[in-house]
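These numbers were taken from a predicted model, which means no experiment stands behind them. Each chain gets a letter, A, B and so on, in the order the sequences are listed, and its residues count up from 1.
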Amino acid sequence: MYSAQKEDEVTERTTRPAPPQAVLQYRGKNFDASAVETFLYDWWDASGFFTPGPKTPGEKPFVMMLPLPNVTGDLHLGHALGFGGYEDLMARWHRMRGEPTLWLPGSDHAGIIAQIVVEKELAKEFGTKKKGPDSPASQEGLGREQFLGEMWRWMEHYKPRIYKQLRMLGCSLDWTRVHFTMDPDMQRRVRIHFIRMYAKGYLYRADRIVHWCLTCQTTYSDLESLHVERTDQLSYVRYPWAEAMPHGTPDVVVATTRPETIVADTAIAVHPDDPRWNALIGRDVLVPVSERTVKIIGDPAVDREFGTGALKVTPGHDATDFEIGQRHGLQVLSAIDTRGFMTPAAGPLAGLDRDRARTAMIDRLKEQGLLQRQEPITHNVGIHDRCETVDEPLVMKQWWMRMAPLAKPAIEAVRSGTVRIIPTYQEKVYFEWMENIRDWPVSRQIWWGHSIPVWYCRECDAIVVPEEDANDPTSCPKCRSTDLRQDPDVLDTWFSSALWPHSTLGWPEQTDDLERFYPGSVLETGYDILFFWVARMLMMGVENMRDVPFHAVYLHGLVRTGGHQKMSKSKGNVVSPVEMIEAHGADALRYALVSGVSAGADSEFSEGKLENGRRFVNKLWNVGRFVLAQIDARPGALTGPIDVAPAGPDLTEADRWILSRTEGAVLELTRLIEQYQFGEYATALQQFLWTEVADFYVELAKPQRRTAGSLDSAVRTAAYVLDRVLRLAHPIIPFVTDTLALQLWAQGQRSDVAPSLVVSAWPTPGARDAALEDRFGLAIEVIRRIRERRQEADLDARTTVQVALAGDAAALEPFADIIASLTTADVRFGGGDSAPTLVRAVEIRVDVPRDAVGDRARLEKELAEALGLLQKTRTLLASDFTTKAPPAVIVKERAKLAEREAAVGSLKAELAKLG
RNA sequence: GGACCCGUGGCUCAGCGGUUAGAGCACUCGGUUCACAUCCGAGGGGUCGCUGGUUCGAAUCCAGCCGGGUCCACCA
């Protein structure tokens with residue numbers, strides 16, 4: 001960490017490269033980001049600015065993990081917002097505050113997504129159009145070893161690509177600590193985690209119903225399952241009685257959208273309280289086509305309103321039915337295989353795929369007169385989020401993680417405030433999910449990912465799990481057989497990312513990094529992965545480290561575009577941040593994404609916002625150019641350090657005003673970042689820089705306008721204000737600010753000797769002059785009204801007018817020059833005989849050609865407004881307000897009353913004069 | 001079925017108990033090109049979704065309703 005106090009450390013570091021000449025010498029009239037961005041970033045990185053310095057006693061590091069992007073992906077706007085907006089903003093700010101800052105980069109092997117991407121690429125190389133398991137480019141087509149070789153080959157292609165995009169955004173990541181979830185040491189840590197969790201009983205293997213994807217040939221978790229609305233045929237099927245029933249007993253008819261699964265039915269369920277059916281519980285019916293006898297059972301899971309109130313129970317192919325089956329000890333029949341074909345258990349349907357089987361079943365039911373009727377139904381069907389294939393629930397042996405006990409301390413961590421979620425309402429969402437958490441199926445039937453460190457003995461069926469760090473087992477500890485087979489599955493990709501905050505720091509070894517940087521500070525990410533990732537990191541962190549992985553979770557919303565549309569490839573409305581950066585610069589993009597958005601809210605990205613960002617960056621650049629030109633034009637060196645506020649009698653009122661306002665901005669902007677109000681920070685920054693610094697102060701600082709004060713104070717004030725502004729703006733627009741800082745700092749002495757803004761000190765607020773700011777504010781209002789009056793009178797801006805200030809105008813005397821200069825007016829105090837305009841208690845008389853009618857109309861309008869306001873205050877002060885409101889508010893209102901009475905009086909008098 | 005979020009100027013959004021409710025973009029008018037292929041100045045534009053309530057005081061808190069969105073859940 002560089003700071004003023006550690007100059008020795010800085011000079012010792014002789015290997016640090018000098019700032020790039022391209023940046024120091026860049027002089028564009030309009031800021032061209034592409035002229036400096038790459039040079040700057042490479043220099044920052046090569047200088048080690050992003051790597052926390054040596055440990056010092058009592059330090060409080062700031063630690064963040066990059067929400068690891070998928071290695072096969074490109075950055076999208078959501079990443080740009082999270083990484084380049086909020087996260088880099090926080091990292092840079094904390095670094096400037098002197099906290100050793102570690103923002104750790106990496107990428108995720110992305111399991112199934114990466115496999116899909118690479119299979120597509122390979123399919124291109126193979127020149128095949130086939131998809132899924134039938135493609136020669138799939139894992140089935142290539143065989144394990146070759147397939148994994150291809151995966152690794154593509155990883156080396158994708159990794160640099162995603163890292164380059166992070167650099168383009170300006171992310172101040174510590175690249176000396178970059179990790180990839182499939183790095184060999186990461187694989188070892190995942191393996192150890194699995195072994196320990198197995199030993200502790202959190203991992204178990206069980207036959208359960210799971211989501212199965214026919215395309216991807218793997219299971220997936222509830223979180224990866226989406227629901228879409230679809231219209232299907234609802235078939236009402238009659239199940240004949242298997243026993244003689246009293247005359248008049250109604251037929252058992254069930255409604256189903258999946259008639260092909262009838263062959264796997266093992267019961268009919270009805271609601272136990274349903275008067276239509278409950279007398280028949282325990283009776284036997286015949287399953288159509290397969291003609292097995294099954295019982296009618298009573299179960300409360302049945303919806304009485306749906307269909308006939310009777311449900312066919314197929315534990316092998318429906319999640320609800322599986323649970324009912326468990327409750328009643330029903331047999332599980334599997335009639336569909338992993339490729340979507342009917343098994344021999346399906347009897348006459350065997351060998352058909354699931355769609356043909358459905359048609360065939362309907363035909364048979366019709367033949368047998370068992371199909372009562374069909375009607376269309378719109379319902380939700382589950383699909384796999386990665387490929388949108390309709391879910392095929394199957395019963396399979398999978399590895400599961402027991403979640404409830406892990407969730408408990410993670411819930412408590414948030415409830416107790418040890419971990420804060422921003423925005424707060426997301427805590428409710430978190431609790432809701434965590435309190436109803438279900439076990440997590442962690443095995444996947446793909447090949448790209450972390451192997452499951454489990455072997456099965458072919459002799460005795462034992463499960464063989466090696467010791468930590470032991471070699472793969474070669475014989476069965478139970479029966480001594482050497483016929484072992486490793487579990488062919490891999491782990492869900494989230495299994496490894498859940499460990500990220502501690503595994504990247506060296507866990508399970510007690511490394512220096514782990515000791516120094518765990519727990520982290522903030523985890524910033526999109527609310528869409530609260531369950532997938534944030535919750536699991538919390539659980540695994542607490543389990544493995546006995547401490548939470550971070551103390552704050554900042555969740556951002558979705559970035560939408562063009563009329564609130566979600567961006568998606570299929571809609572073709574995806575905005576590429578890389579293209580935006582190339583065209584407009586990273587600063588402009590970062591600013592556009594962050595400004596005017598509050599925590600957790602979805603936002604809309606538009607060209608207009610980007611344009612505003614670009615103009616803002618350019619505005620700062622040009623304020624900087626102006627100040628640098630002032631310094632250049634000044635003969636000799638500045639008399640004091642650039643980064644120390646000038647003082648003394650040589651300062652003009654305007655100098656003192658902007659110095660005071662700057663300290664105010666320091667205070668305000670610091671507060672906003674501290675409170676995670678990044679959107680407000682961006683807006684407030686723009687307001688201060690553009691309106692106050694550029695439009696007001698710089699205008700007054702122009703040499704032709706300066707009539708008082710010394711040149712030295714003038715230039716030093718400008719330099720100081722610029723230095724402050726650059727620091728204040730650096731976290732969000734790092735490129736333009738450091739470019740200017742490097743150029744500014746080359747011009748004079750400094751107290752902070754940091755080589756770059758990246759490692760410079762965040763300003764601490766200095767003294768303000770509230771009274772001056774208030775009087776100056778009044779002067780600004782007066783200036784506005786004078787300009788307005790001139791415009792009404794249709795006067796050329798160059799025409800000098802006479803302005804008389806009366807009423808309480810005495811406070812404005814020190815600003816007479818400023819008012820005159822910015823309004824091209826001759827300002828006099830007292831007197832004047834034109835009709836006045838009022839600002840607070842100051843009368844402004846602008847001597848423009850008089851127009852009795854216009855004046856009358858204006859005065860009447862002003863009087864009406866003044867009367868309205870006066871009435872409001874009077875009513876308020878006549879109410880219980882005076883006894884119940886806080887004294888400070890009452891004092892304010894009373895002052896307002898006096899002011900408003902004066903205003904009304906003055907306007908009435910003026911109107912009387914007009915006759 | 002349960003839960004959550006959002007409805008503020010034409011657009012995108014801030015503000016979330018106390019001045020005449022703000023910003024950017026868009027719009028109208030005027031000026032400038034001497035830091036800014038621009039920029040500056042001025043202006044118009046809002047019954048803060050609706051209805052009640054709490055309060056001295058509500059865009060802000062509460063309830064109900066209407067509209068938009070999201071998440072969770074076993075609609076066969």
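Across all strands shown, Pro886(A) has heavy atoms under 4.0 Å from base atoms, whether or not it also approaches the sugar-phosphate.
When the P atom is compared between G10(B) and G2(B), the two are found 36 Å apart, to the nearest whole Å. Taking the C1' atom of each, U20(B) and G45(B) are spaced 16 Å apart, rounded to whole Å.
Ala741(A) is linked by a side-chain contact (heavy atoms from CB on, under 4.5 Å) to Leu726(A), Asp738(A), Trp745(A), Leu757(A), counting only residues two or more places apart in sequence or in another chain. Considering only residues two or more places apart in sequence or on other chains, Arg208(A) meets the salt bridge (charged side-chain N to carboxylate O under 4.0 Å, His left out) condition with Asp439(A). Remark: Glu375(A) pairs with Arg373(A) by the salt bridge (charged side-chain N to carboxylate O under 4.0 Å, His left out) rule, at least two apart or across chains. Residues satisfying the salt bridge (charged side-chain N to carboxylate O under 4.0 Å, His left out) criterion with Asp318(A), sequence neighbours excluded, are absent altogether.
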B/S/- along nucleotides 70-76 of chain B (protein heavy atoms under 4.0 Å) is -SSSB-B
Quick tally for nucleotides 32-45 of chain B: nucleotides whose base has a protein heavy atom under 4.0 Å get B, sugar-phosphate-only ones S, the rest -, giving S--BBS-SSBBS--
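Residues from residues 593-601 of chain A placing a heavy atom under 4.0 Å of any atom in RNA chain B, listed by number, are Gly596(A), Ser598(A), Ala601(A).
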RNA chain B base-pair string [pairs: Watson-Crick or G-U under 3.5 Å; |: paired with another strand]: ((((((((.[[[[.)..(...]]]].(((((.......))))).....[[[[[..)....]]]]])))))))....
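Figure legend: cation-pi geometry between Arg304(A) and Trp277(A) absent, as NZ or CZ is not positioned both under 6.0 Å from the six-membered ring centre and within 45° of its axis.
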Between the protein and nucleotides 5-11 of chain B, are there any N/O to N/O pairs under 3.5 Å, and if so, what are the atom names and distances?
none

Please table the atom pairs, donor to acceptor, closer than 3.5 Å between any side-chain atom in residues 428-436 of chain A and protein atoms at least two apart or in another chain.
from	atom 1	to	atom 2	distance (Å)
Tyr430(A)	OH	Ala410(A)	O	2.8
Glu435(A)	OE2	Arg415(A)	NH2	2.5
Asn436(A)	ND2	Glu432(A)	O	2.8

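Sparse packing is recorded around CZ of Arg784(A), with 12 or fewer heavy atoms of other residues, nucleotides or ligands lying under 6.0 Å away.
Sequence neighbours left out, the pairs with a member in residues 682-701 of chain A that pass salt bridge (charged side-chain N to carboxylate O under 4.0 Å, His left out) are Arg661(A)-Glu692(A), Glu699(A)-Lys702(A), Glu699(A)-Arg705(A). For residues 596-618 of chain A, the pairs satisfying ring-ring contact (aromatic ring centres under 6.0 Å, His included) are Tyr591(A)-Phe616(A), with sequence neighbours left out.
Nearer to the 5' terminus of RNA chain B, by closest-nucleotide assignment, is the contact made by Val889(A) (compared with the other of Gly608(A) and Val889(A)).
When ring centroids are compared, Phe531(A) and Trp440(A) stay outside the 6.0 Å threshold. Aromatic rings of Phe678(A) and Tyr554(A) (six-membered ring for Trp) have centroids within the 6.0 Å cut-off, being under it.
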Would you check, one step at a time, whether the test side-chain hydrogen bond (donor to acceptor under 3.5 Å, both in side chains) holds for Arg858(A) with Thr837(A)? CA-CA 9 Å; Arg858(A) 179 174 60 76; Thr837(A) 300; 3.2 Å; yes
